[in-house]
Protein chains: 2
Amino acid sequence: MSLRHALLALVAVQPMTGYDLTKHFERSVSYVWHAPHSQIYPELRKLEKAGLVSARAETRGESGTKRTYSITPDGLEELVAWVEQPTGRGPVRDAFRLKATYFEYGSFENARRQFQAHLDYFGEECRKWEAHVSQIERRETVLIEKRLSATPDELHEAVVAYKVHAYRGLIDQARAEVRWARRGLALVDTLEAAHGADGAEAPSAGRAGTRSGPEAGSGRLREGSVP
Amino acid sequence: MSLRHALLALVAVQPMTGYDLTKHFERSVSYVWHAPHSQIYPELRKLEKAGLVSARAETRGESGTKRTYSITPDGLEELVAWVEQPTGRGPVRDAFRLKATYFEYGSFENARRQFQAHLDYFGEECRKWEAHVSQIERRETVLIEKRLSATPDELHEAVVAYKVHAYRGLIDQARAEVRWARRGLALVDTLEAAHGADGAEAPSAGRAGTRSGPEAGSGRLREGSVP
DNA sequence: ACAGCCATGTAAGTCGTTACATGATTGC
DNA sequence: GCAATCATGTAACGACTTACATGGCTGT
């Protein structure tokens, strides 16, 4: 149920069209909550039906219509209620860490590639987020400016500080991932060295002889290079 | 597509029933990839249809049947292929950080409660994961023991080390969250002190007078205590 | 015989992904 | 006039959630 509240928070700043929403969404919210436009347009209709936003339709060219959404009092109430509610943890789903648990099924080379890609990815994200944070700190984004101009002065600091803090948390996470990936690369080196010292050549825990019976008759794994 | 591979990795250790799978899943995999049994049972059927596992059905009492699943050579191949494949990043969806971005809509008290809950949660998780890691390091879990007994000696270290490393990453994340939440609490104190110094009493950015027109006619926010 | 956990499912509905589809505007 | 991008959608499908349903086994 977070998509709707993210949208409410955006329209709360100023009335916007679906397209504006998706753009602002991509450039801010999507760092912490992903959603494509194909989800956003229908969700806006739902919000309208629920009376949390109101839409003003204008024609666009011959046949098109453009809807500008504004938040309603109910919508604002819903937004505040959401913020005040205890937040349930979403289910964990981390494909990379899952796979990292089973790297012994692949080659050392593969593990290295994977950790390196992880490293590159989070290094890159980190830079993006840092840029975003300093933009917020300087109050340079369109939405922040608008938001502040409609908020009493004594709350300006809080508005900015909460956002900065949230995104800093993201940066911390990214840095932790980078460090973890580096340690992963070091680990692969260590394992490979230890393995090479034994004289074997390519490592892989896969390719078992199959025991299709249900009994745990010690299936035997053998080494084999992974193609 | 990670659920199926997680299941493959589990049945690769030894033949198991659906129930065993869900139990082992809960006690290991679910730290990084959540799935309830209602997802696991059907997925096993799919894996069977795809020829990646084979099932041996036994009767259980009058009418029940118990299926014991074993991995097939195709299944093992699929598992290895998955490990070797580049790993796509899943979409981000972090409800808490999203909400933390908008804490100015709630009270200071609320922000504190939320950060504190976050802190407690990850502190707790952290302890669980640490226990799990040291269990793996000591090679004391049933699955690890079984796994090692069917793996050539020179790979034992890798099997253990990759898992330990993966879960250590999880612990790092949890610790980062704890630190972040603590900084969050400190931030709330600072903001509240600054706010209190201005003489106002309860903070909230919500409750706008509604401007339902599409034009951005400077809607006016006023302070108000949040009920 | 009853409680409590073991064990195996099904079903409805929501959420999210991916791909397709189409017309409008703007700048060159 | 054409390309790019602005702008707004729909549709099919798969993943996931939540709740329901049922029967077996074990100890008291």
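Sequence lines set the chain letters: A, B, ... in the order given, protein chains first and strands last, and positions in each chain run from 1.
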| request: Take atom CD of A:Glu43 and atom C1' of D:dT10, then tell me their distance rounded to the nearest Å. | output: 16 Å
| field | Contact under 4.0 Å: A:Arg93 side-chain N or O vs D:dA15 OP1/OP2 | value | no
| message | Can you tell me how the ring of A:His165 sits relative to the ring of B:Trp180, calling it parallel under 30°, perpendicular over 60° and tilted otherwise? | response | parallel
| Main-chain N/O of A:Arg4 paired to A:Lys46 side chain as donor or acceptor, under 3.5 Å | no
| Within this structure, what is the CD-to-C1' distance between B:Gln39 and C:dT8, rounded to whole angstrom? | 16 Å
| Touch check for A:His34, heavy atoms < 4.0 angstrom, all strands: base, sugar-phosphate only, or nothing? | sugar-phosphate
| request: Send over the distance from A:Lys49 NZ to C:dT14 P, rounded to a whole Å. | output: 12 Å
| query | Closest to the B:Arg60 side chain: D:dG24, D:dC6, D:dC16? | reply | D:dG24
| request: Grab the CD1-C1' distance between B:Ile40 and C:dT8 for me, whole Å please. | output: 12 Å
| note | A:Phe25 CZ to C:dG16 P, in whole Å, measures 10 Å
| note | To the nearest angstrom, the NE2-C1' distance between B:His37 and D:dC20 comes to 10 Å
| field | Residue B:Ser38, side-chain atoms from C-beta onward, closest of C:dG16, D:dT18, C:dG9 | value | D:dT18
| request: Please tell me which of B:Gly18 and A:Met1 maps to the more 5' nucleotide of DNA chain C, matching each residue to the nucleotide holding its nearest heavy atom. | output: B:Gly18
| Shortest side-chain distance from B:Lys46, nucleotide among C:dT8, D:dT8, D:dA15 | D:dA15
| request: Take the protein atom NE2 of A:His24 and the nucleotide atom P of D:dA7, then report the distance between them rounded to whole Å. | output: 11 Å
| Under 4.0 Å: is that the gap between some side-chain N or O of A:Tyr19 and OP1 or OP2 of D:dC6? | yes
| message | Considering every strand and a 4.0 Å limit on heavy-atom distances, what is the contact class for A:Arg45: base, sugar-phosphate, or nothing? | response | sugar-phosphate
| Given the side-chain rings of B:Tyr105 and A:Trp82, with only the six-membered ring counted for Trp, is the space between their centroids under 6.0 Å? | no
| task | Check the distance between D:dC6's C1' and A:Lys66's NZ and give it to me in whole angstrom. | result | 10 Å
| query | Under 3.5 Å, side chain of A:Thr65 to main-chain N/O of A:Thr59, donor-acceptor pair present? | reply | no
| query | From C:dT8, D:dT8, D:dT17, pick the nucleotide closest to the side chain of A:Tyr41? | reply | D:dT8
| query | If you find the nucleotide of DNA chain C closest to B:Pro91 and the one closest to B:Asp20, which residue's nucleotide is nearer the 5' end? | reply | B:Asp20
| A:Ser107 vs A:Asn110, side chain to side chain donor-acceptor pair (under 3.5 Å): CA-CA, chis, key distance, verdict | CA-CA 5 Å; A:Ser107 64; A:Asn110 174 65; 5.5 Å; no
| query | When all nucleic acid strands are considered with a 4.0 Å heavy-atom cut-off, which category describes B:Gly64: base, sugar-phosphate, or nothing? | reply | nothing
| remark: Taking D:dC16, C:dT8, C:dC15 as options, the one with an atom nearest any side-chain atom of B:Trp33 is D:dC16
